[in-house]
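Here's the structure, in structure tokens; my notes come after.
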Protein chains: 2
Amino acid sequence: MAKLRSAPTLDDVAKMAGVSTATVSRCLNTPDRVVEATRKRVQSAVDALGYTPNFAARVMAAKRSFTIGAIIPTMENAIFARGLQAFQEELHHRGYTLLVSSSAYKPDIEEEQIRTLIARGADGLLLIGHDRDPKIYDYLNQRKIPALIAWSYLPDSRLPSVGFDNRKAMFELANHVLSLGHERIAVISGIVEGNDRARLRVEGIRDAISHSGLESGDLKIVETPYEIENGATAFCELMKAETRPTAILCGNDVLAAGAMRQAQEMGLDVPDDVSITGFDDIELARIVSPELTTVHVPHREMGRKAALQLVEMVENQTDGEGEQLATRIVNRPSLGRPAQG
Amino acid sequence: MAKLRSAPTLDDVAKMAGVSTATVSRCLNTPDRVVEATRKRVQSAVDALGYTPNFAARVMAAKRSFTIGAIIPTMENAIFARGLQAFQEELHHRGYTLLVSSSAYKPDIEEEQIRTLIARGADGLLLIGHDRDPKIYDYLNQRKIPALIAWSYLPDSRLPSVGFDNRKAMFELANHVLSLGHERIAVISGIVEGNDRARLRVEGIRDAISHSGLESGDLKIVETPYEIENGATAFCELMKAETRPTAILCGNDVLAAGAMRQAQEMGLDVPDDVSITGFDDIELARIVSPELTTVHVPHREMGRKAALQLVEMVENQTDGEGEQLATRIVNRPSLGRPAQG
DNA sequence: ATTCAAAATGCAAGCGCTTACATATCTACT
DNA sequence: AGTAGATATGTAAGCGCTTGCATTTTGAAT
């Protein structure tokens, strides 16, 4: 059995190059503080040995990890993929590594992940949405961990947020639907508890309805986790009603895709028999047919700006400031006028 | 400005509980080696202080991180999401944390990520596919880092693999298509270079064609990165031919979804004008309409088994053994008989 | 040649934890 | 009561790196 040759250390490099470990360290971290000749010597030792610095040791000594943690509700569907990708690209660009974990939409798991990420020395954290136990904010604050919230902008939140106004965005979409003449509207929403995005979207719809003078008690809402199957099930349920809705607003594109599939399965035409809308404008929205009317969210921009802001907070110890991004309605054929009622 | 209270350490806990740091450490790691009374005292100190062990310090001292690294080609589409999710669930179950990074299908980025993950103390690595610079295998071997390959099973690879036979799977699908009477077949493949999965799938198709006695020179292949848009573009290109193919086999469901969208855009009926098939059987396959005939890959099983195997390798210092999983063809309406030719 | 600030390098003290090994404290017997 | 053997706890040596401070070297300027 081959002998286990453990990884070369700074010491090995230093010996080989005939310098102190301090110098090697400087070569790696602040090369301009080392004269060229030495630097070259060290570099060749590094190459010869195939040296890679030990991350744990570095973090410990420097009390700095150049790592940012992000906790997202789920990796299973594409909702967060694009924004996160942009976030990570921008971080990489700034010399940071991203550590991602998912909470499966469970508050206690999220809390555990936050602790884990901090224990791992994350220099900063990205969180999704505002709804969570206040003691988490206390903890973050006490530990002075820079943290930023994305996917939902609120002006007076405890942590700065980079995102959009979920309520307003959905309000506008609902208004648009109403303006087309729809009077029987139903909603397939994500689980509202602990999810301000979902909650605010529903409120946006409520706003629009009461605004329009319609009977708001009529609004039927099904709450269900963000999964395609659930969209299908919820659609089924809504269509069982004596008087069917003419438009169904979904909390996101995934739910809407499920609804569309079910409509097709039931032989209903979209939008002639029923209109369906989504939210997010992920790729899925253009894959279903007919394509989905939805709210376009600038995911990449959001990810990029969140990265910039968070790095700024980390490096300059600032409190950071939020930023509201604009969304826009994307009109596609899944939404039409209601059938002659 | 509030004073920065830095994180409590083992020492703080030890002092508060009136024991040595060793005892506190044992309470946390091997509780049965500590008498109950002490354990309780320590526990309350931990709670009172809100102590969380410092990960870097722990890794350094224990030379063990309980972390597994995985490098996947992309997070942007769902191909790897499901399998990785299962992988991570099983790891979590076994007390390990998963660190994921993506290589964007670039070999040099993958190599960098491998080094990064090792520097971060990963106890083991999950890699996707077999095609990579042999020196990477040397490096892994020299450092004695347990590593496993997924998404492609090969009997005699340098590293054990848990996956399926891409060539055979596609061979069977192609045979099925041929048996329906298709004679003009085209392929939209992922980029083959450095991607044995893509390469083997194409070979599977070639096998089937030469097997069937058809002119294999006729096989038109477009190679393009795995993105929806590219599927659409490739479809376009293929349909420009003087004699259009009657069936298009795509390297995965994403490409197939793009092709479907483009077909619809061009007013072509699937499968009456042209049949389209995918590979993977991700959710997408059932969202497009008509639903996609594809090869079902047991993603979750693969992820789970990979986790089990890798943990076994890490904990028992074994070389690990590969496992071949079965795939199956899923027949859906995107594939039909060719139009009367 | 001398002198001296600036530049380059070395020294060594940690960072917060785990874990041999040493020591102290219990058991349950005789 | 005394003692061996098991059990519980303490001591202290690292793990591989960074960094403040001390020391040496360099390069002008005199």
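First the proteins, then the strands, lettered A, B, ... as listed; each starts at 1.
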Separation of C:dT18 P from B:F55 CZ (nearest whole Å):
11 Å

Measure the distance from NZ on B:K40 to P on D:dA8 and round it to the nearest whole Å.
15 Å

Hey, does the side chain of A:S65 reach the backbone of A:T67 with a donor-acceptor pair shorter than 3.5 angstrom?
yes

Sorted by chain and residue number, the salt bridge (Lys or Arg N to Asp or Glu O under 4.0 Å) partners of B:R300 (sequence neighbours excluded) come out as A:E76, B:E89

Could you list the residues that satisfy side chain to side chain donor-acceptor pair (under 3.5 Å) with A:D47, not counting sequence neighbours?
A:Q43

Atom CD of A:E36 to atom P of C:dT9: distance rounded to whole Å?
11 Å

Atom NZ of A:K15 to atom C1' of C:dG10: distance rounded to whole Å?
15 Å

note: B:R33, atom CZ; C:dT25, atom P; distance rounded to Å ~ 18 Å

Check for a donor-acceptor pair, side chain of A:S157 on one end and backbone N or O of A:Y153 on the other, with a separation under 3.5 Å.
no

Which ranges of DNA chain C pair up as stems, where a stem means three or more consecutive Watson-Crick or G-U pairs with both distances under 3.5 Å?
C:1-30 with D:1-30

What residue pairs, at least two apart or across chains, pass ring pair (Phe, Tyr, Trp, His ring centres under 6.0 Å) with a residue in residues 46-73 of chain A?
A:F66-A:Y96

Which letters describe nucleotides 11-19 of chain D, given B = protein heavy atom under 4.0 Å from base, S = only from sugar-phosphate, - = neither?
B--BBBBBB

Where at least one partner belongs to residues 128-152 of chain B, residue pairs that pass ring pair (Phe, Tyr, Trp, His ring centres under 6.0 Å), sequence neighbours excluded
B:F80-B:W151, B:W151-B:H299

